[in-house]
Amino acid sequence: MQASTVIARILGARTSTGLVDLGIDGGVVSTVSGPSPIGPETVVDAAGAVVMPAFVDAHVHLDKAHLLGAGGLEPTGPGVGPAIALMQEVRRTQPAGIVEVGARKGVESMVRHGVVAARAHVEVDADIRLDMLDLHIALREENAERIDLQLSVFPQNGLTRQVTALMSAALRHGGGVVGGCPYVDDDQEAHLDVVFGLADRFGLPVDLHLDFDDDPSGSMVAAVAERTRALGMQGHVTIGHVTKLAAMPVDEQEVAYALLAEAGISLVVMPATDLYLGGSGEPGSRSLAPLERAHAAGVRVAVSNNNLHNAFSPYGNGNLLQAAWTAGLTRQLVGAEMLDLLVASITDHPAAILGRAPHGTTAGDVADLVVLDTDDPRLVALQVPSVLASLRSGTLVHQQRSIRTQTMEVTS
């Protein structure tokens with residue numbers, strides 16, 4: 001079965017509304033248990049397996065993916081500073097081909113795990129200039145049928161006049177989001193001014209690596225919210241990590257959540273990285289932002305892969321469902337509402353962050369779908385079933401041997 005096979009129907013799909021057949025026309029769900037058209041059609045027989053919206057990753061680093069073991073690279077242990085320094089060394093000493101191999105492997109692992117869209121964060125630096133952006137543009141074009149890559153360019157090693165100019169060039173060259181990393185610069189306010197200035201100039205959304213440590217003091221949430229409101233960018237700003245939230249007293253957390261909700265700022269947590277690098281020797285839950293409290297306060301929250309098998313997290317593997325499972329286990333989330341939140345954090349919520357149209361199993365939704373190896377929707381976030389098949393806009397992009405497809409003649 002070729003990856004370019006267009007699917008007209010999924011038979012026996014178990015959804016949140018029960019067991020149905022899903023008709024697909026032009027990449028959109030057209031019918032739910034409706035009449036079939038007359039003529040030949042290619043179908044996926046889900047045979048009662050769960051069918052649900054495909055996964056969307058709001059924050060991933062493909063230019064750091066699968067670099068463990070490359071050129072002797074080994075994990076550094078806790079602490080974001082040593083991981084950044086080690087990555088700088090890799091950029092200086094290792095051939096670009098190693099990075100490309102890891103990036104392609106990252107794409108393959110995400111597609112295999114049912115990810116149909118992702119916001120990839122692309123390093124811009126005086127040494128590598130726009131090399132990483134060119135790599136991502138090539139990956140985006142080559143894999144356009146299987147996964148939609150939205151590119152966020154960011155200064156991993158800090159802003160200088162030269163890097164700011166390179167950021168501008170990258171945004172003209174194909175970057176679609178202005179990324180930032182304030183904690184790598186001494187003057188975080190100035191860093192934010194440059195990032196938001198670029199976003200205002202180019203009319204693009206902002207995505208920030210923010211507050212990535214276990215010190216509850218010195219949060220930049222208020223500064224980000226202020227700039228978001230001043231530029232009228234509500235709904236177009238995302239912050240990732242924000243592990244300071246996990247270290248704050250609950251009353252201070254609530255103040256931060258209120259600021260984020262009022263400014264329409266989304267929060268992305270990254271279990272594999274946040275738990276591995278954070279915690280300062282304390283239990284790992286300290287370094288994962290309380291996504292359930294943020295959600296309760298009206299903040300859109302998402303869970304991401306972020307890093308895939310590299311110095312920032314040797315445990316990343318491209319499986320967003322496993323990332324959501326890890327977040328739920330760490331935050332001790334139970335009950336139907338919290339399990340639904342975990343699923344939404346890797347489907348609907350990140351899709352909204354990326355500005356994508358609704359996708360799923362309702363008539364009119366984009367047919368970005370996954371078939372999972374379970375017949376119980378309640379177990380999806382609890383047991384991490386494998387992805388049997390995935391569709392992007394109605395096209396089959398991944399299939400395990402155990403899932404059956406066939407072309408059938410429909411006569412009535």
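In what follows, every heavy atom counts, from backbone to side chain, and hydrogens, waters and symmetry copies are set aside.
- Put simply, the side chain of Asn143 gets close to the backbone of Leu139: a donor and an acceptor are under 3.5 Å apart.
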Identify all side-chain donor-acceptor contacts of residues 377-388 below 3.5 Å with residues at least two apart in sequence or on another chain.
| unit_1 | atom_1 | unit_2 | atom_2 | d |
| --- | --- | --- | --- | --- |
| Arg378 | NE | Asp376 | OD1 | 3.0 |
| Arg378 | NE | Asp376 | OD2 | 3.4 |
| Arg378 | NH2 | Asp376 | OD2 | 2.9 |

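- Here Ser219 pairs with Asp211 under the side chain to side chain donor-acceptor pair (under 3.5 Å) rule; sequence neighbours left out.
- For Ser109, the side chain to side chain donor-acceptor pair (under 3.5 Å) criterion is met by no residue, not counting sequence neighbours.
- For Asp186, the CG atom is loosely surrounded, since the number of other residues' heavy atoms within 6.0 Å does not exceed 12.
- With hydrogens and angles left out, the side-chain atoms of Thr273 and Asn306 include a donor and acceptor closer than 3.5 Å.
- A donor and an acceptor atom, one from each side chain of Asp274 and His241, are located under 3.5 Å apart.
- Atom-to-atom distance recorded for Gln253:CD and Leu260:CG is 11.5 Å, nearest 0.5 angstrom.
- For the atom pair Ser313 OG and Leu275 CG, the distance stands at 9.0 Å (nearest 0.5 Å).
- Comment: Arg104 engages Glu100 in a salt bridge, judged by a side-chain N to carboxylate O separation of less than 4.0 angstrom.
- When side chains are defined from C-beta on, Val303 counts as touching Pro271, because their heavy atoms get closer than 4.5 Å.
- No donor-acceptor pair closer than 3.5 Å links the side chain of Arg227 to the backbone N or O of Met233.
- Contact annotation: the side chain of Pro290 approaches that of Tyr257 to within less than 4.5 Å [non-hydrogen atoms, C-beta and beyond].
- Using bins of under 30°, 30° to 60° and over 60° for the plane-to-plane angle, the ring pair His121/Phe154 lands in the perpendicular bin.
- For Arg14 (side chain) and Gly48 (main-chain N/O), a donor-acceptor pair under 3.5 Å exists by modelled atom type.
- Note: Leu342 CG to Arg331 CZ = 11.5 Å, rounded to the nearest 0.5 Å.
- Between Arg404 and Asp45, at least one side-chain nitrogen of the basic residue sits less than 4.0 Å from a carboxylate oxygen of the acidic one, meeting the salt-bridge criterion.
- Inter-residue side-chain proximity for Ser168 and Phe202 is flagged as met; some heavy-atom pair is nearer than 4.5 Å.
- Other residues, nucleotides and ligands contribute only 12 or fewer heavy atoms inside 6.0 Å of the CD atom of Glu337.
- Sequence neighbours left out, the pairs with a member in residues 126-141 that pass side chain to side chain donor-acceptor pair (under 3.5 Å) are Asp134-His173.
- Summarising the geometry, atom CG belonging to Leu198 is positioned 6.0 Å from atom CG belonging to Leu171; distances are rounded to the nearest 0.5 Å.
- The backbone N or O of Cys181 lies less than 3.5 Å from a partner atom in the side chain of His191, making a donor-acceptor pair.
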Enumerate donor-acceptor pairs with a distance under 3.5 Å from any side-chain N or O in residues 351-360 to protein atoms, sequence neighbours excluded.
| unit_1 | atom_1 | unit_2 | atom_2 | d |
| --- | --- | --- | --- | --- |
| Arg356 | NH1 | Asp148 | OD2 | 2.7 |
| Arg356 | NH2 | Asp368 | OD2 | 3.1 |
| His359 | NE2 | Ala54 | O | 2.8 |

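- Ring geometry, His309 versus His66: the interplanar angle falls from 30° to 60°, so the pair is classed tilted.
- Put simply, the residue from Ile239, Leu210, Val299 that forms a side-chain contact (heavy atoms from CB on, under 4.5 Å) with Ile265 is Ile239.
- At distances below 3.5 Å, not a single donor-acceptor pair connects side-chain atoms of Asp185 with backbone N or O atoms of Gln188.
- Panel note: side chain Thr405, backbone Val43; no donor-acceptor pair is recorded below 3.5 Å.
- With hydrogens and angles ignored, the 3.5 Å screen pairs no side-chain donor or acceptor of Lys64 with any backbone N or O of Leu308.
- Residue Tyr315 holds its OH atom at 11.5 Å from CD of Gln322, rounded to the nearest 0.5 Å.
- In this structure, the separation between OG1 on Thr326 and CE on Met270 is 14.5 Å, given to the nearest 0.5 Å.
- Without hydrogens or angle criteria, His349 side chain to Val301 main chain gives a donor-acceptor distance under 3.5 Å.
- Between the Thr238 side chain and the Asp207 main chain, no donor and acceptor come within less than 3.5 Å of each other.
- Side chains of Leu369 and Leu22 form a contact here, defined as non-hydrogen atoms less than 4.5 Å apart.
- For the side-chain contact (heavy atoms from CB on, under 4.5 Å) with Ile10, the qualifying choice from Leu391, Thr361, Val29 is Leu391, the only one to do so.
- A donor-acceptor pair is defined here as one N or O able to donate and one able to accept, closer than 3.5 Å; such a pair exists between the side chain of Thr243 and the backbone of Asp213.
- Scored by the side chain to side chain donor-acceptor pair (under 3.5 Å) test, Asp57 finds Asn305 as partners (sequence neighbours excluded).
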